[in-house]
Every structure is written in C-alpha cells, then in structure tokens.
Asks: 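Pasting a structure below so you can have a look.
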Amino acid sequence: MIINMHEYCTEKNASVGTIEAIKNAADGDTISFDKGIYHFYKDYSPHRKYHMTNTDSFANPEKYFAILLEDKEGITIDGNGSEFVIHGDMCALSLVRCKNITLRNFTIRYNSPTNFEMTCVEKQGCKIRYTIPENTSYKVKNNSIYFFEQSPFTKENYYLVKNNKKCYCNVIHNGDNVYRTQLSPLKGAIKIKEIAEHQVECTYIFPPKFKVGDTVAMSENWNRSGCGLFFWESGNITSENIVVNYMHGFGWLSQMCENMTFNNISFKPADGYQVSSFADCIHICGCKGYARISNCFFTHPHDDGINIHGAFLRFEKAVDSHTAVFKFIHKQQGGYKAFFAGDKIKFYKRTDLSELDGLYTVQSSVDDIDNKLVTVKFEEELPQMKDKMVVCENVTYNPEVTISDCVFRAIPTRGILCTTDKPSSIFNNEFISLKMPDIYISCDCRDWYESGPCKDLKIYNNKFSQKNPVVLEPLCMIKPVDNVHENIEIFDNEIGENE
C-alpha cells in the first residue's frame, strides 16, 4: 500500500501529518512524498529520552525527531526528490527497533545549521569584517554574538548560543583547504559591532591570522546534544539516493544495529554554507552483520567522513566467578544496552591491548543506565582480572565492512576510521585534500575507548591524497603488543604527494 503524504500534510508544516502517517503505516507500506519542500518544526515533533553514543547525551537526554519510526517493519520512505527542511536543533530522521526499512530519494536540509559560520571578507589593521549566512539568526549585544533559531509559532528560541564558548576547535574552510584551528573570530575581540545586515566587524588588539575568503566554522564540540540521523537496535536498513546538506549535533549515527546499506549518499553543504555536518558524516558504533557503504560523496564535515568501531567497557569488579560489572568510561559513551544473551565477549589488558585467552558468552545482563554500568553473567568461568586494568569488547557486534567507490574531499580530519575484526575491504575510493590520515586504524582503550582490533582487512585500488595515507595507531596505557592488528593487506593503491 502507498501512503500518499499529500493526504496527511502540507509542505508548509509536515510534522503532525508525518506522525499520523507513520502511525497508520503497516508492514510493506510505502510512505510517499510528492516532490516538494517539506518543513518540519521542533514545536510539533515527537520527543524521547534516548541516549546516543559519542554525544553529550547525559547532559541532553531529551531528543526531538522530525521523522521517527519505532517498532516498524517493512516500511519504505520515498521522498521522490523532495527536500526535508528541519527547523530547530533536532534529529532529522530516526529508526528505533525497526526491521527491513528503506529510505530513499530525498534531501535533508536544516533551516539554520548549528555550526556557526563567519567568513572573513575584509582586513584593515586590527579590524576584520565578517559575513554571516543569510538564514543564520544572530544578535550582537554587550560585545558578544548570540546565535539562535526562533520558533515562528511561539517566538521562543529553539536554541541560543553565546560566542560558541563550548567549542574547543574550529574549522577553517577555503575551497579544498579545510583544517582545524584554535583561532576564533570571537575570542579576543575587544569590540564587536553590526555594520550591515549579516555583516559584523570585530576589533582586536592582536587580530587572528585569517585570510580573506576563510570561513571559520564553530561547532559546540563540548555539547553534542544529539545527532542528525539515528538508527538504534534496527536491522536490514537500506539508505539510497539521499543528499545530506547538514546534520545537527553529531552526524548519521547507527548504534547496536545489523545489516546496513548506504548507497549513493552525498554529504555536501547547502548553498550559502560551508559545513555538511556538525561532526562526523557516517558513524557506526557496535553494529553487526554488514555495513556496506558505496558510491557516496563526503565533503566539508566538521570531523571524520566515516567512523566504524565498537566500544570498550572497563572491568570494574567481579561479583562471582561467572559475573562481573563493567563501565562505559568516556563521557560521550553509554546510555544503551551493549550486551545481549548469546553475545561473544573478548577481554584485553589496558596496559598493552594483549588479549586474554578465550571467548566468553553472555548469559544475561542488567543495565544501570544512569551510572553507565552493566552487570554481566557469563556462561563460562571468568579469568582472573585486575580491577580497572581490563576492558571488554562485544565481538558479536563487529560488522563486516565494505567501503567502495566513494569520494572523500576537503575534510579537516580523517576520511575513514575502521576497527572491526570481521573480514572487511576498502577499495576503489578517492581521497582529496584531507588534513589527517586518509584511513586511520586505531583500537583505543586509553582515550575514546573505541574498539577493537582489525584482523582481516584489505585496502586496495584506492587513490590516496598523501604519501602516508594509512596509519595504524593502537592506543593503550603503555605500549601495544605487535599483533593488535593482524592480516591487513594494502596493495595496488595510488599514493599522493601531500605530507
């Protein structure tokens, strides 16, 4: 059955009608939008207390969703070339506990992106003039700039940010030259005044060394309040023929999912803007089955193009010979169920990432979400472990990864991060103007706690942008053992000239 969205909503406000259409959708139905520009408003959108990894979710537990599918099966959302315009700091589209879903043929665009851009257009002595994109609302007051987006219905602010103080690194965009910087148009400005509509002038004692044409993008890295698209405990998802102009809060996040296909997805900023994502583009954490990413285009995010990893939880204490307590450590991890009955677990020493012998099978688990703890009972007797000196990885939730025929261009960090022990391949991709390694393979029980070792990875027929495009860097407390990563083959690639 085809559910025609023009029977449920208008383009001017599609929020309430979309909720009703999803509610009525049955297995096998297609939710079809006539080609148009559909506006979704935070005022009328559903909200949930859902935690999203790699975000500051515990500080921002309440999330809003423009399009939210929960416990649905066999649904297709077909935009037929439409644009979905998101008003407010919310997630554009989410699948929670869904199966056999297809998303296709639409563009995600934010009315007012939450990366705040200022372009240097003129420098005179200690003064710099900047332009601000037309759709970005701002106010100059008390020698500060307040960025905000306002509800057209209540006239209340969806968000209000002063001087972007929670940003620990900015990104400069100037054509393909994109790189991180600690410089800011606002820090150190002794006078800020508006000189014309969407033009401000900042006066400094020591002006930042921006060039005319530089766009400085500021993102609240210390306050990732959510993500742009979100898949959670869902399986057999196909996303195809989608353009993403921007994503709020983080990026396109999938956690604890199974079997995902991304085909012909293009991450590129909308006209008048420079940034395509608040942070990463595609981010996959703790997923199983396969992750297939092909024919995609990545440009101008605030962070990485693709990041695929699991999560290391730290061993806290033993309860008995078969039961132990584990904890999410990084402040941007936790809030979701990481272990299910039957899952296979590996243990590693935090000192050097050496493996403890054996695979251990989860019999049951009890989560303490608020304290980021989980008590796991195993079928096997546990090895002897020293408190807080061992981490565990759910190796059941490591996917087979295929990344092929993609272009990564003008990215301030890395093109691909990939850590999984399942057979995987990265081939026929092109990397242009990246400021960090084109491909980065870590396994980190020290900083981000992003697992795990690569054991079967082929990297071939790629066109790299730099002389040392692939970096293997396991991170632990002392020095990693030599065999953290094994059976990695790198062959038949074209190596670039940039350092």
Asks: Going by atom types alone, do His39 and Asn13 pair a side-chain donor with an acceptor below 3.5 Å?
Replies: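 The answer is no; no qualifying pair exists.
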Asks: Is it true that Ser32 and Asp78 share a donor-acceptor pair across their side chains at a distance under 3.5 Å?
Replies: no
Asks: Looking at residues at least two apart in the chain, or sitting in another chain, which of them share a side chain to side chain contact (heavy atoms under 4.5 Å, CB included) with Gln199?
Replies: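 By the side chain to side chain contact (heavy atoms under 4.5 Å, CB included) rule, Gln199 matches Arg129, Thr131, Ile195, Ala196.
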Asks: Could you pull out all donor-acceptor pairs under 3.5 Å where a side-chain atom in residues 395-408 meets a protein atom, sequence neighbours excluded?
Replies:
{"residue": "Thr396", "atom": "OG1", "partner": "Lys344", "partner atom": "N", "Å": "2.8"}
{"residue": "Asn398", "atom": "ND2", "partner": "Glu393", "partner atom": "OE2", "Å": "3.1"}
{"residue": "Asn398", "atom": "ND2", "partner": "Asp421", "partner atom": "OD1", "Å": "3.2"}

Asks: Please lay out, stage by stage, how Asn111 and Glu149 fare under the test side-chain hydrogen bond (donor to acceptor under 3.5 Å, both in side chains).
Replies: CA-CA 9 Å; Asn111 178 65; Glu149 185 180 8; 3.2 Å; yes
Asks: Do the two ring centres, one from Phe278 and one from Phe250, sit under 6.0 Å apart?
Replies: no
Asks: Should the pair Asp56-Arg224 be classified as a salt bridge under the 4.0 Å nitrogen-to-oxygen rule?
Replies: no
Asks: Measure from the ring center of His330 to the ring center of Tyr449 and say whether it is less than 6.0 Å.
Replies: no
Asks: For Lys99, give me all partners under salt bridge (Lys or Arg N to Asp or Glu O under 4.0 Å), at least two apart in sequence or on another chain.
Replies: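 Lys99 satisfies salt bridge (Lys or Arg N to Asp or Glu O under 4.0 Å) with no residue once adjacent residues are dropped.
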Asks: Check for me whether the distance between the ring centres of Tyr336 and Trp232 falls short of 6.0 Å.
Replies: no
Asks: Please determine whether a side-chain nitrogen of the Lys or Arg among Asp176 and Arg409 lies less than 4.0 Å from a carboxylate oxygen of the Asp or Glu.
Replies: yes
Asks: Test of understanding: with side-chain hydrogen bond (donor to acceptor under 3.5 Å, both in side chains), list the residues that count as partners of Glu122, not counting sequence neighbours.
Replies: Gln124
Asks: Between Asn105 and Asn80, is any side-chain donor less than 3.5 angstrom from a side-chain acceptor?
Replies: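 No - no donor-acceptor pair under 3.5 Å links their side chains.
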Asks: His300: which residues meet the side-chain hydrogen bond (donor to acceptor under 3.5 Å, both in side chains) condition with it, sequence neighbours left out?
Replies: His173
Asks: Please determine if Glu62 and Lys49 form a salt bridge, counting it only when a charged side-chain N lies under 4.0 Å from a carboxylate O.
Replies: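 Not counted as a salt bridge, because no side-chain N and carboxylate O are separated by less than 4.0 Å.
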Asks: Under 4.0 Å between a Lys/Arg side-chain N and an Asp/Glu carboxylate O for Arg48 and Glu70?
Replies: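 Counted as a salt bridge, because a side-chain N and a carboxylate O are separated by less than 4.0 Å.
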Asks: Surrounding CG of Asp71 (heavy atoms of other residues, nucleotides or ligands, distance under 6.0 Å), is the total greater than 12?
Replies: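 Enclosed: over 12 neighbouring heavy atoms sit under 6.0 Å from CG of Asp71.
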Asks: In terms of side-chain heavy atoms, does Tyr273 have a donor or acceptor partner in Asn135 at a distance below 3.5 Å?
Replies: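 The answer is no; no qualifying pair exists.
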Asks: Under a plain distance cut-off of 3.5 Å, with no hydrogens placed, do Ser15 and Lys42 share a side-chain donor-acceptor pair?
Replies: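 Short answer, no.
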Asks: Just jot down the ring-ring contact (aromatic ring centres under 6.0 Å, His included) partners of Tyr179, sequence neighbours excluded, or say none.
Replies: none
Asks: side-chain hydrogen bond (donor to acceptor under 3.5 Å, both in side chains) with Asn295: which of Asn264, Asn428, Asn263?
Replies: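 When side-chain hydrogen bond (donor to acceptor under 3.5 Å, both in side chains) is applied between Asn295 and each of Asn264, Asn428, Asn263, only Asn263 qualifies.
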Asks: Could you state the interatomic distance from OH (Tyr44) to OH (Tyr64), rounded to the nearest 0.5 Å?
Replies: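 That separation rounds to 13.0 Å.
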Asks: Do we see a donor-acceptor contact under 3.5 Å between the side chains of Asp304 and Thr413?
Replies: yes
Asks: Any chance the side chains of Asp34 and His6 put a donor and an acceptor closer than 3.5 Å?
Replies: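 Per modelled atom types, Asp34 and His6 side chains form a pair under 3.5 Å.
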Asks: Please tell me whether Ser465 and Asp438 have a donor and an acceptor in their side chains that are separated by less than 3.5 angstrom.
Replies: yes
Asks: Under a plain distance cut-off of 3.5 Å, with no hydrogens placed, do Gln333 and Asn54 share a side-chain donor-acceptor pair?
Replies: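 No, no side-chain donor-acceptor pair sits under 3.5 Å.
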Asks: Side chains of Thr114 and Tyr246 only: does a donor on one sit below 3.5 Å from an acceptor on the other?
Replies: yes
Asks: Do Tyr146 and Asn163 meet the criterion of a side-chain donor-acceptor pair at a distance under 3.5 Å?
Replies: no
Asks: Hey, does Ile441 have a side-chain heavy atom less than 4.5 Å from the side chain of Val471?
Replies: no
Asks: Kindly check if the number of other-residue, nucleotide or ligand heavy atoms within 6.0 Å of CD (Glu7) is above 12?
Replies: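 Above 12, so yes.
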